[in-house]
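A quick write-up on the structure given underneath.
Values in this document were obtained by computation on a predicted structure and should not be read as measured data. Chain naming here is simple, since letters A, B, ... match the order of the sequence lines and numbering starts at 1 in each.
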Amino acid sequence: MDTNTTQYKTCADVRFRVIAGEGVIIRQEIGEALVVNEVGASILKLLNEGVSTSKLIERIAQEFDVEEERLTLDVHRYLSELESANVVEKVA
Amino acid sequence: MQLSDLTRKFCNENILFSVLLELTYRCNLDCTFCYNDRSLKGTPFRFEHYKKLMEDLLQMGTLNISLSGGEPLAHPDFFRIGALAREMGFVTRVKTNGHALRSRLLERLKKEVDPYNLDLSLHGASAAVHDRQTQVPGSFERLMQNCAEMKAIGMRFRFNMPMTRWNENEISEVFDIVDLFETSINIDPVITSRDNGDKAPLSLSSSEAGMMKLSDLMGKRRKAQALKYGVSENTGNDIVIPQKKHCGSGSSTVTVDPYGNVYPCVQLRRAAGNLHKQSIRQIWEGSEVLDEVRELTVRVKEWTAEQGESCQKIGFCPGTALHETGSATKLYPQAEMRVTILDKKSVREEV
Ligand code: SF4
């Protein structure tokens, strides 16, 4: 089960950039491109910096001025979606 | 938002999304129509220079890097440059003739550079034609063997083929090779003169009959693909960002030659600056040449619209037009031929 201490990172074949406020994700293995919005882009950027889920929630809450409690559920859901899409994986 | 919309946005807003690095003009093949100017002089760009460039590009949000040539593997620092691009999270493509890419070298490329894709040059469907163009006997057989090895280790590749008078009668068989390796091909029907102005390669330009045949074959393939995979339809809810410019030359892309000269793109070779003297950001934000080219691509878009539908469909290249005719808004002979073909086809379809 996911907890706030779980740490994620982008999968080895994933390339990611924040360009003009949009997050561009390329999954090299299957040649797929995904575009995520500003919040999604910030989440991936923080993951790439090695930030834990709890810190990530704290930082996103501050950056976008939303309540941490509401955000927690959304972030967990979002991370598990990214995990099923093979964009991120748990750090062992 | 779709990536295609985003790339239009990058082009409209001058965001440097893709960079093509011509690492060297040296090559292990000797293609008859090669456009590289091997007499060009300057201080060669080495690993430290590319490192600095990639650090700057990372800051600027650039995502795509293509390692090209000549033959990029002939650059002494190729593997270090490729590995660094990977480490920095660039989507890296390698444009190579594939001649050297087998066994240990191929494995090394996959392991150290892990490119998103290889763009392999194919010049025909038989040794007689391919080898005639590369001027290296055995190069066709070698490429086919190397492709089989690439496929076996999961290296993604597709083909690039300049269409010429020599290979235009083998297009159908070329598609068989493409299907055999379950990949795709980009066939460029335009041969240009060399970057130094030498017009000799133009004598190899494909004929009108060859272009007509290509156009028919491509049409058939597109239809077959659409039936196989289903045609995706626009839902009507998508916001489609209109592109203000004809192409991304100097607006979302640049090309860097082996001596650090920066050009708006691979065809439009007006130097916008040199990376030995200025950073890429300084050139990108301050070059008058890039500003002019950005305006030019807006004008070209308007001009092609004025010329009619066929002209908008042929993949007109302002860089080639400038090089071949001295004006970016003038049809060069092969573009003219393609417009004629499309016009003829549309009359045929209407009848
Ligand atoms: S169409 Fe021609 S000028 Fe435009 S980006 Fe492509 S190569 Fe350059």
Does atom [atom1] of [X] have more than 12 heavy-atom neighbours from other groups under 6.0 Å away?
X        : atom1 : answer
B:Asn186 : CG    : yes
B:Lys301 : NZ    : yes
A:Lys55  : NZ    : no
B:Glu48  : CD    : yes
A:Glu49  : CD    : yes

Need one label for A:Ile19: side chain, backbone, both or neither, based on atoms under 4.5 Å from any heavy atom in chain B.
both
Closest approach of [X] and [Y], non-hydrogen atoms and distance?
X       : Y       : value
A:Ile26 : B:Leu63 : CG1-CD2, 3.8 Å
A:Glu22 : B:Leu6  : CG-CD1, 3.5 Å
B:Phe10 : A:Ala20 : CE2-CB, 4.4 Å

Can you check side-chain contact (heavy atoms from CB on, under 4.5 Å) on B:Arg86 and A:Arg15, steps first, answer last?
CA-CA 9 Å; B:Arg86 176 199 187 162; A:Arg15 303 287 183 268; 3.6 Å; yes
By the definition side-chain contact (heavy atoms from CB on, under 4.5 Å), identify the one residue from B:Thr62, B:Leu58, B:Val91 that meets it with A:Arg17.
B:Leu58
OH-CD distance between B:Tyr116 and A:Glu29, expressed to the nearest 0.5 angstrom:
11.0 Å
Where does B:Ile15 contact chain A at under 4.5 Å (heavy atoms): side chain, backbone, both or neither?
side chain
Given heavy-atom pairs under 4.5 angstrom as the criterion, report whether the side chain, backbone, both or neither of B:Phe90 touches chain A.
both
